[in-house]
Amino acid sequence: MSWPRRCALVLAALVVALIPMSPANAHPLGNFTVNHYHGLRLYPDRLDDTAVLDDAEIPTLQRRATVDADRDGTVSPAERDRHAATTCRDLAENLRTEIDGRRVTWQVISGGFTYRPGAANLQTGRTECRLTATADLGAPTTVSFRDGYQSDRIGWHEITAVGQGVGLRDSSVPTTSISDELRAYPDDLLASPLDQRSVAFRTAPGGTATSEVAEPAIPMAGPLTRATSAVGDRLNDLVGSGRLTPLAGLLGILLALLLGAAHAALPGHGKTVMAAFIAGRQGTYRDAVTVGVTVTATHTSGVLVIGLLLTTVSSLAGETLLGLLGVASGLVIGVIGAGLLVSVVSARWSRRRRIRVEMPVHEHHHDPGGHTHGHSHGHSHGHSHGHSHGHSHGHEHHRAASRRRGLIGMGVAGGLVPSPSALIVLLGAVALGRTWFGVLLVIAYGLGMAATLTAAGLLLVHLHGRLAHRVGALSGRLAAATPAVTATLVLIVGVTLAARSAGPLLG
């Protein structure tokens, strides 16, 4: 078979692989989330709450050891009921509900816990709780409700409220669930999830009148994010399939490469600053390869270590760990930028001092008998030559070492925050006894990320070279300013990334 036909066959297989086999049930913000729903119903003598917790794949995996109390590897109906009762009790204790300023106490009527199929043959956990609280709503009242259960976990938070024999006024939440009580999230992967954690409204006795509230506006993700989600869903299907064929394995690797490249193309990975760093330091192909190798090694080892931590430490919140790594990545970039800026300022200061010291002194003597000139030089040529050679050699060595440290630091920063999708395929492969395949896919993820970041750097190097060739005299001034601009850009981006990652942790 000719090479064109082989390439066409591989491309056709890849296209078929991208066609979803089943509808995706993606969780907003990814596979680390714990999602909440509260359906409030108000009666003249009580409040009822249908509370639902939908745990994504990683929290479900972490809590399995807690649910499986006897550690026999199988969750029995009794263990599920016990877990549901404990969870519902903790949830009820963390709901703060007040009627005219007086707090009411929730009681658990019933609870249930079930597992549902998730990505990459992993499971998700669903807890349903029926709660009630005694209340006198026979007269006009003011009701406030706030969910404080696991408030540190990110996820979808939804509240609905409806009256039965009680009218609601000034309610800010709808009467029906737009997610079917966390059973069906919007088709598009969300840029940010619904975040309704509290509600307050007035009630009036009699009737069922409820203030009409429009469904909340939810920002949708862009085309690249949606395409990345589709590729990730298809890869999860391949990883979780019962039978792994050589063709499916090859397609999985290709999809992992594509997904890693797309993951690096999304905002938040410092592509621009890495490319600017390589160009600003007059980077070469070797520098680009150094960054790529470092990104791959850091991302692969990071996913393996984090996967181990998440499966052994049940109390560790995955999104918190990723946030800390994001802060660390931003700080690494910021430190590199600060070091570059200090180096640029120091080099310019040293150059000016050297020019002042080495500048020849001209003495002019005028007398009535004639005009004479005397020239005095502070350094002999022999001394100047030897000093210049030694100083230049040490300076070049220092700059080379600084360059290597900066390149490696940039690679580490680029691969420090792992892709949640890579974690899912790794954990899914491990659960099916295919650890080697999961590690191979994680390596492919890292290579895809490295390819995107390296390509961005090489493109900027190429454009910089062409501009320098065509612009002429202006390029000299631009070249002189490039190190300072690059250092400032690296510093600003590093601080911005660290601050953005720290925001959710502090909030």
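Values below: all heavy atoms of this structure, side chains included; hydrogens, waters and symmetry mates excluded.
- Formation of a donor-acceptor pair under 3.5 Å by the R500 side chain with backbone atoms of L497 is not found in this model.
- Nearest heavy atoms, L182 versus V52: CD1-O, 3.7 Å.
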Just do the side-chain contact (heavy atoms from CB on, under 4.5 Å) check on T87 and R63 with the steps written out, would you? CA-CA 12 Å; T87 302; R63 291 175 184 169; over 6 Å; no
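- Between Y185 and W156, the ring planes lie perpendicular to each other; the angle is over 60°, past the 30° to 60° tilted range.
- A distance of 11.5 Å separates CD of E128 from CZ of F113, quoted to the nearest 0.5 Å.
- When every heavy atom of A413 is checked against every heavy atom of S329, the shortest pair comes out as O-OG, 2.8 Å.
- Of the possible donor and acceptor atoms, none in the side chain of T33 sits under 3.5 Å from a partner among the backbone N and O of G155.
- Of all heavy-atom pairs between L259 and S421, the closest is CD2-CB, 3.9 Å.
- The heavy-atom pair separating S177 from Y37 by the smallest distance is CB-CE1, 3.8 Å.
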Stepwise side-chain contact (heavy atoms from CB on, under 4.5 Å) test for V239 and N121: CA-CA 7 Å; V239 173; N121 204 42; over 6 Å; no
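- Between the side chain of E57 and the backbone N or O of G118 there is no donor-acceptor pair closer than 3.5 Å.
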Could you go through the side-chain contact (heavy atoms from CB on, under 4.5 Å) check for E158 and I178 one step at a time? CA-CA 9 Å; E158 182 183 0; I178 62 175; 3.8 Å; yes
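- Atom-to-atom distance recorded for D55:CG and T60:OG1 is 4.5 Å, nearest 0.5 angstrom.
- Of all the heavy atoms in T296 and A450, the pair that sits closest is OG1-CB, 3.4 Å.
- The distance from the CG atom of L416 to the OG atom of S301 is 9.0 Å, given to the nearest 0.5 Å.
- Here F145 contributes atom CZ and Q196 contributes atom CD; the two are 11.5 Å apart, rounded to the nearest 0.5 Å.
- Between the side chain of N35 and the backbone N or O of D54, at least one donor-acceptor pair lies under 3.5 Å.
- L91 approaches H38 most closely through the heavy-atom pair CD1-CE1, 4.2 Å.
- From I492, atom CD1 reaches atom CD1 of I333 across 13.0 Å, with rounding to the nearest 0.5 Å.
- If you check the side chains of E181 and T50, you find no donor sitting under 3.5 Å from an acceptor.
- Residue F437 holds its CZ atom at 5.0 Å from CG of L244, rounded to the nearest 0.5 Å.
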Derivation of the side-chain contact (heavy atoms from CB on, under 4.5 Å) call for L61 and L427: CA-CA 9 Å; L61 183 64; L427 297 175; 3.8 Å; yes
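- I253 pairs in a side chain to side chain contact (heavy atoms under 4.5 Å, CB included) with only one of the listed residues (I443, L447, L441), which is L441.
- For E79 (side chain) and A69 (main-chain N/O), a donor-acceptor pair under 3.5 Å exists by modelled atom type.
- With L423 as the fixed residue, the side chain to side chain contact (heavy atoms under 4.5 Å, CB included) test singles out one of V442, I306, L304: I306.
- Panel note: side chain R71, backbone A65; a donor-acceptor pair is recorded below 3.5 Å.
- For the pair R153 and F32, the NZ or CZ position fails the cation-pi test of under 6.0 Å to the six-membered ring centre and within 45 degrees of the ring normal.
- Under a cut-off of 6.0 angstrom, the local environment of CZ in R146 is sparse, with at most 12 non-hydrogen atoms contributed by other residues, nucleotides or ligands.
- Panel note: side chain T300, backbone A297; no donor-acceptor pair is recorded below 3.5 Å.
- With 3.5 Å as the limit, one finds a donor-acceptor pair spanning the side chains of D147 and H36.
- Side-chain contact annotation: D72 with T74, donor-acceptor N/O pair under 3.5 Å absent.
- With a 4.5 Å cut-off on side-chain heavy atoms, V430 and T435 count as touching.
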